[in-house]
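Data first, discussion second: the structure below is written as structure tokens.
One-based numbering along the sequence shown.
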Amino acid sequence: MRTEEEREGLTLLGNKSVKYSMDYDPSVLETFVNKHQERDYFVKFNCPEFTSLCPITGQPDFAEITISYVPDVKMVESKSLKLYLFSFRNHGDFHEDCVNIIMDDLIKLMDPRYIEVLGRFLPRGGISIDPYCNYGKSGTRWEKIAFDRLAHHDMYPEKIDNR
């Protein structure tokens with residue numbers, strides 16, 4: 001059972017009357033304190049049911065969004081992240097914009113040591129788009145790791161068998 005101090009600021013977790021926003025809403029994101037700040041470690045979220053809208057046609061776009069980050073002081077609460085990602089449902093933006101917006105919002109929220117966001121969008125018009133972005137905190141070893149990871153991204157692409 002979480003202590004009162006650990007629950008402070010978390011309004012969505014365990015709340016059965018949560019409303020799902022139908023419009024892009026970064027204000028639903030919540031954080032809690034990382035209890036292991038002395039250590040670098042990855043947290044990975046997979047959202048296989050991400051949906052947004054094409055800004056030109058208004059047709060739905062479907063993707064698997066993968067978010068990996070190395071926390072510093074704050075961590076994102078998973079239910080708030082789920083509600084946040086759901087809020088893209090009626091949001092019109094290109095695939096590349098969606099993954100960059102997600103990363104920017106999470107950087108602003110948590111100020112992580114490192115973060116990367118990958119979108120694996122299902123094909124429309126015969127082409128799938130897999131935008132990737134990352135960030136390493138300036139002045140830390142994670143800044144170089146982010147550059148190296150981006151410079152070598154997709155040098156050895158994974159097998160794509162889910163589309």
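The residues Arg141 and Asp40 are annotated as salt-bridged, a charged nitrogen and a carboxylate oxygen being separated by less than 4.0 angstrom.
Take Leu109 and apply the side chain to side chain contact (heavy atoms under 4.5 Å, CB included) test, not counting sequence neighbours, and it matches Leu29, Thr31, Val76, Leu106. In this structure Tyr135 satisfies the ring pair (Phe, Tyr, Trp, His ring centres under 6.0 Å) test with no other residue, sequence neighbours excluded. Residues meeting the side chain to side chain donor-acceptor pair (under 3.5 Å) test with Ser68, sequence neighbours left out: none. Here Thr57 pairs with Cys54, Gln59, Arg124 under the side chain to side chain contact (heavy atoms under 4.5 Å, CB included) rule; sequence neighbours left out. By the side chain to side chain donor-acceptor pair (under 3.5 Å) test, Asn34 pairs with Tyr41, sequence neighbours left out. Applying the side chain to side chain donor-acceptor pair (under 3.5 Å) criterion to Asp93, with sequence neighbours excluded, gives His91. Listed by chain and number, the residues in a side chain to side chain donor-acceptor pair (under 3.5 Å) with Asp97 amount to none (sequence neighbours excluded). Scored by the side chain to side chain contact (heavy atoms under 4.5 Å, CB included) test, Asn46 finds Lys44, Glu64, Thr66 as partners (sequence neighbours excluded).
A donor-acceptor distance shorter than 3.5 angstrom exists from the side chain of Ser87 to the backbone of Asp25, with no hydrogens or angles considered. A side-chain donor-acceptor contact under 3.5 Å links Asn134 to the backbone of Ala146.
For the pair Val43 and Met75, the minimum side-chain heavy-atom distance is below 4.5 Å. Between Tyr114 and Arg149 the shortest side-chain heavy-atom distance falls below 4.5 Å. Proximity of Phe86 to Phe50: side-chain heavy atoms (C-beta onward) are nowhere separated by under 4.5 Å. A 4.5 Å side-chain heavy-atom check between Cys98 and Ser52 finds at least one atom pair inside the cut-off. Between Pro131 and Phe121 there is a side-chain heavy-atom pair separated by less than 4.5 Å. Annotation: side chain of Val117 is not in contact with side chain of Tyr132 (no heavy-atom distance under 4.5 Å). Side-chain atoms of Asp111 and Lys74, non-hydrogen and from C-beta on, never get closer than 4.5 Å to each other.
In this structure, Phe45 is a member of the same hydrophobic cluster as Ile107, with clusters built from ILVMFWY side-chain heavy atoms closer than 4.5 Å. By the rule that hydrophobic residues join a cluster once side-chain heavy atoms approach within less than 4.5 Å of another member, Leu81 and Ile101 end up as members of one cluster. Each of Val33 and Met110 belongs to its own hydrophobic cluster when Ile, Leu, Val, Met, Phe, Trp and Tyr are linked at side-chain heavy-atom distances under 4.5 angstrom.
If you take CD on Gln37 and CG on Asp72, they are separated by 6.5 Å, rounding to the nearest 0.5 Å. Summarising the geometry, atom CD1 belonging to Ile65 is positioned 12.5 Å from atom CD belonging to Glu49; distances are rounded to the nearest 0.5 Å. Going from atom OG of Ser128 over to atom CZ of Phe62 covers 15.0 Å, rounded to the nearest 0.5 Å. Taking CD of Glu30 as the start and CG of Leu83 as the end, the distance is 9.0 Å to the nearest 0.5 Å. Considering CZ of Arg89 and OG1 of Thr51, their distance stands at 5.5 Å, rounded to 0.5 Å.
Listed by first and then second residue, the side chain to side chain donor-acceptor pair (under 3.5 Å) pairs that reach into residues 100-110 are Tyr24-Asp105, Tyr84-Asp105, sequence neighbours excluded.
Of the listed residues (Leu118, Val99, Ile102, Ile115), just one forms a side chain to side chain contact (heavy atoms under 4.5 Å, CB included) with Cys133, and that residue is Val99.
Applying the under-4.5 Å side-chain rule to Ile, Leu, Val, Met, Phe, Trp and Tyr, the cluster around Ile56 extends to Phe94.
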Stepwise salt bridge (charged side-chain N to carboxylate O under 4.0 Å, His left out) test for Arg120 and Asp130:
CA-CA 5 Å; Arg120 290 187 182 99; Asp130 296 346; 5.2 Å; no
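Heavy-atom minimum distance, Trp142 versus Lys137: CB-N, 4.2 Å. Residues Leu53 and Pro60 share a closest heavy-atom pair of CD2-CA, 3.9 Å.
The number of heavy-atom neighbours closer than 6.0 Å to CZ of Phe147, taken from other residues, nucleotides and ligands shown, is 12 or below.
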